[in-house]
Amino acid sequence: MIQHKHLDDPQTREVIVIGGGIAGLSAAIYLGRAQRDTLVIDSGHSMAKREPVVENYLGFPKGVSGEDLLKHGRKQAERHEVEFVEDEVQEIAAKKGSFIVVGQERSYRARRLLLATGIFHLPPKIPGVKECLGHSMFFCKDCDGYRVRGKRIAICGANDEAVDYALGMLHYSPCVVVATNAEKPRWSRKHAKLLKEYEIPVHREKITGVDHRKCQVRGLRLKGATEVKIDCIFTTRGDIFHTKLAKSLGAELDRDGQIEVDHCMRTSVPRLYAAGCVTPANCQMIIAAGQGAAAAQVINRDLFEESIANHSLRRFREVQLEQEKTVPEKRRKTRRR
Ligand SMILES: Cc1cc2nc3c(=O)[nH]c(=O)nc-3n(C[C@H](O)[C@H](O)[C@H](O)COP(=O)(O)OP(=O)(O)OC[C@H]3O[C@@H](n4cnc5c(N)ncnc54)[C@H](O)[C@@H]3O)c2cc1C
C-alpha cells in the first residue's frame with residue numbers, strides 16, 4: 001500500500017510513460033506533438049542499445065545503431081517539450097482517477113499511464129559469449145537471419161523452439177546444428193522426426209566455452225575436447241517480461257506472461273495502456289515504435305473525450321471568445337475604408 005503525503009513531482013501529468021526505449025520514445029513524440037503534458041521515466045536499459053547495426057528499420061538503407069535510434073528519438077521528443085527523468089519505477093497505485101507512481105528517486109502522479117517497459121532476452125548459459133552479443137550471438141531470426149546467410153549457425157537450446165529455429169535457419173544457410181549444452185532434449189516426437197528428416201546434427205555435450213575473436217564466434221568448445229566450427233549462435237532460452245507493475249495494478253496477462261492489450265493498446269485496467277515488447281507484439285523495433293504511436297493516439301483521444309465530458313475544453317474557448325470581442329470591430333473598420 002503506497003503511503004504518500006506529498007509527491008516529489010508536484011504536477012499531475014496528463015501522461016506518464018514508463019520506459020524510454022523504442023515504444024516509449026515513439027509514444028512520447030506523438031504525445032508531445034499532441035501537446036500533452038508528458039513525462040517519460042526511464043531506467044536506461046533499452047534492448048535497442050545492444051544492437052550495433054539495425055538493418056530492418058525503415059529509412060536507414062545502411063543501417064543505424066540502436067544507440068543512435070534512441071538518442072535521436074529522445075531529442076525529437078524533447079523538441080516537443082516532453083520531459084525525461086532517469087528513475088526506476090518500483091510501485092504504482094490507482095487513486096481517484098489518477099496513478100501514483102513511486103520511483104527509486106521520486107514519486108509522480110498522472111491521469112494516464114503507458115507501460116513500455118520491454119523485456120529481457122535471457123542469454124545462453126555459455127561462458128565467454130557475452131562479448132559477441134549483437135555481433136555474432138543473436139536472439140531473433142527475423143532480425144538477424146538475413147545477416148547470417150550462408151554461415152555456419154548453431155542453435156543453442158533443447159526445446160521445440162530450438163528445433164523450429166534450426167528449421168527456420170535452413171532457409172538462410174545449409175549449415176545448421178543444434179547444441180543442447182547437456183540439457184535433456186524436451187522437444188516433441190514430431191520435432192525429433194523433423195531433425196532427422198532434415199539431417200540437422202545435434203550436439204548433446206556440455207558447452208565449455210566459445211572460441212571468438214573481435215566479437216566474432218569461431219567455434220563451440222564441447223566437453224570432451226571437441227570443437228564445432230561455427231560463425232554464429234542463436235539462443236532460445238526465453239524472455240523475462242517486465243510486467244511486475246502491470247500485475248500489481250491487476251492488468252491481465254496472457255499465457256506467456258505478456259500484457260494483454262486491445263487493438264488500440266488499452267490494457268484491461270482503465271486509463272492504463274501498454275506498448276512494445278512487453279505486449280504480445282512480435283518483438284521488433286519498428287513494431288514497438290508503431291505500437292507506441294498507436295498507444296499515444298488513443299491516450300490523446302481518451303483525454304480529449306474526458307475533457308469534453310467534464311467540460312474542461314471551455315477554458316480554451318474562453319480565451320478565444322475574449323480575443324473575438326475585438327474581431328467584428330476590426331472588420332467594420334476595414335469595410336469603411
Ligand atoms: C541483442 C539484440 C539485438 C536486437 N536487434 C534488433 C534488430 O536488429 N532489429 C529489431 O527490430 N529489433 C532488434 N532487437 C529487439 C529490439 O531491441 C526491441 O524490439 C525493442 O528495443 C523493443 O522496444 P521496447 O520499447 O518495447 O523495449 P526497450 O527498448 O527494451 O525499452 C524498455 C525500457 O523500459 C525501461 N524500464 C523497464 N522497467 C522500468 C521501470 N520499472 N522503470 C523505469 N524504466 C523501466 C528500460 O530501462 C528500457 O529503457 C534486438 C534486441 C537485442 C537484445
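Sequential numbering from 1 along the given sequence is applied to the chain's residues. Indexing begins at 1, ligand by ligand and atom by atom, following the structure's order.
- Annotation: cation-pi pair R271/F99 present, NZ/CZ under 6.0 Å from the ring centroid and within 45° of its normal.
- For R13 and E83, the salt-bridge test passes: some basic side-chain N is under 4.0 Å from an acidic carboxylate O.
- On the SG-SG cut-off of under 2.5 Å, C283 and C277 qualify.
- By the 6.0 Å and 45° rule, K141 stacks over the aromatic ring of Y165.
- Taking every heavy atom of R50 and a limit of under 4.0 angstrom, the matching atoms of ligand 1 come to 1 (C).
- In terms of protein heavy atoms, atom 15 (C) of ligand 1 is closest to C283 O, 3.9 Å.
- In summary, R74 and E86 do not engage in a salt bridge, as defined by a charged side-chain N under 4.0 Å from a carboxylate O.
- Remark: minimum distance from atom 30 (O) of ligand 1 to any protein heavy atom is reached at M47 N, 2.9 Å.
- With a 4.0 Å heavy-atom cut-off, ligand 1 is reached by the side chain of A288 but not by its N, CA, C or O.
- The distance criterion of under 3.5 Å between nitrogen or oxygen atoms is met by H45 with respect to ligand 1.
- Heavy-atom contacts of Q284 reach the following atoms of ligand 1: 11 (O), 19 (O) (cutoff under 4.0 Å).
- Distance check for atom 32 (C) of ligand 1: a protein heavy atom is found below 4.0 Å.
- Which parts of ligand 1 touch G19 is read off a 4.0 Å heavy-atom cut-off, strictly below it: atoms 33 (C), 34 (O), 35 (C).
- Of the protein's heavy atoms, S46 OG, 2.7 Å lies nearest to atom 29 (O) of ligand 1.
- At least one heavy atom of D87 sits under 4.0 Å from some atom of ligand 1.
- Both the backbone and the side chain of A23 come within 4.0 Å of ligand 1, judged by heavy-atom distances.
- Of all the atoms in ligand 1, the ones that sit under 4.0 Å from a non-hydrogen atom of I18 are 40 (C), 42 (N), 43 (C).
- With hydrogens left out, the protein atom closest to atom 49 (O) of ligand 1 is D42 OD1, 2.7 Å, a heavy atom.
- For atom 38 (N) of ligand 1, the closest non-hydrogen atom on the protein side is T117 CG2, 3.5 Å.
- With G103, A48, P123, G66 as candidates, the residue nearest to atom 21 (O) of ligand 1 on a non-hydrogen basis is A48.
- Annotation for ligand 1: atoms under 4.0 Å from non-hydrogen atoms of I41 are 43 (C), 44 (N).
- Those atoms of ligand 1 with a heavy atom of G118 less than 4.0 angstrom away are 26 (O), 27 (O), 32 (C).
- Looking at N56 against ligand 1, only its side chain comes within 4.0 Å, counting heavy atoms.
- Residues T180 and W187 meet the side-chain proximity criterion, which asks for heavy atoms closer than 4.5 Å.
- Looking at atom 3 (C) of ligand 1, its nearest protein heavy atom turns out to be E51 OE1, 3.3 Å.
- Atom 26 (O) of ligand 1 has as its closest protein heavy atom C277 N, 2.9 Å.
- Those atoms of ligand 1 with a heavy atom of R147 less than 4.0 angstrom away are 8 (O).
- By the neighbour-count criterion of 12 heavy atoms within 6.0 Å, atom CZ of F138 is densely surrounded, having more than that number from other residues, nucleotides or ligands.
- Ligand-side atoms of ligand 1 in range of H121: 53 (C), range being under 4.0 angstrom from any heavy atom.
- The hydrophobic cluster containing F304 does not contain V298, counting ILVMFWY residues as joined when their side-chain heavy atoms lie under 4.5 angstrom apart, directly or transitively.
- Between the S26 side chain and the A289 main chain, a donor and an acceptor come within less than 3.5 Å of each other.
- Surrounding CD of Q35 are at most 12 heavy atoms belonging to other residues, nucleotides or ligands under 6.0 Å away.
- Heavy atoms from other residues, nucleotides or ligands lying under 6.0 Å from CD of E88 number more than 12.
- In this structure, R79 places its CZ atom where only 12 or fewer heavy-atom neighbours from other residues, nucleotides or ligands lie under 6.0 Å away.
- Ranking protein heavy atoms by distance to atom 41 (N) of ligand 1, first place goes to V89 O, 3.1 Å.
- Within the 3.5 Å criterion, the main-chain N or O of G44 finds a donor-acceptor partner in the side chain of K49.
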Hey, mind stepping through R111 and V15 against side chain to side chain contact (heavy atoms under 4.5 Å, CB included) and telling me if it holds?
-> CA-CA 6 Å; R111 285 162 57 196; V15 191; over 6 Å; no
